[in-house]
Amino acid sequence: IYANIFILAKKNSGKTTTIYKVLKECLNKKSVVHIFCSTVYKDNSYKKIIEMLDKKGIVHNEYTSITEDKENHLERIIN
């Protein structure tokens, strides 16, 4: 019942635009979004995504890496 989406493509191919469109169309108030992106706080596109999530009242967590300070965020989320 849960959707997990992984997008992999070369630089400047439209990945972030695709992510924005998928999120905008598919989320509801029960959704929780975990973003793993090294530039999540620098990239204007991700700033817009976070702004959209806030406006929709969607719970979201951002990480610049899967692991930080010996904590594996992905493993913690899955467990």
Under 3.5 Å, which donor-acceptor pairs link side chains of residues 5-24 to any protein atom two or more places apart or in another chain?
unit_1, atom_1, unit_2, atom_2, d
Ser13, OG, Lys10, O, 2.7
Lys15, NZ, Ala9, O, 3.3
Lys15, NZ, Lys10, O, 2.9
Thr18, OG1, Gly14, O, 2.9

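- Heavy-atom neighbours of Asp69 CG from other residues, nucleotides or ligands within 6.0 Å: at or below the threshold of 12.
- Side-chain contact check for Val33 versus Ile49: every heavy-atom pair is 4.5 Å or farther apart.
- Taking each heavy atom of Asn72 and Glu75 in turn, the nearest pair found is OD1-N, 2.8 Å.
- For the pair His73/Thr67, no side-chain contact is recorded, criterion being any heavy-atom separation below 4.5 Å from C-beta on.
- Between Thr39 and Thr64, every side-chain heavy-atom pair lies at or beyond the 4.5 Å cut-off.
- Under the salt bridge (Lys or Arg N to Asp or Glu O under 4.0 Å) criterion, the residue pairs touching residues 45-67 are Glu51-Lys55, with sequence neighbours excluded.
- Hydrophobic cluster of Phe36: the remaining members, joined at side-chain heavy-atom separations below 4.5 Å, are Tyr63, Ile66, Leu74, Ile77, Ile78, listed by chain and number.
- Under the 4.5 Å side-chain contact rule for hydrophobic residues, Ile50 and Val59 do not share a cluster.
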**OP:** Show the numbers, then the answer: is there a side-chain contact (heavy atoms from CB on, under 4.5 Å) between Asn28 and Ile58?
**Re:** CA-CA 7 Å; Asn28 62 47; Ile58 306 295; 5.8 Å; no
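- Distance check, rounded to the nearest 0.5 Å: CD of Glu71 to OG of Ser65 gives 11.0 Å.
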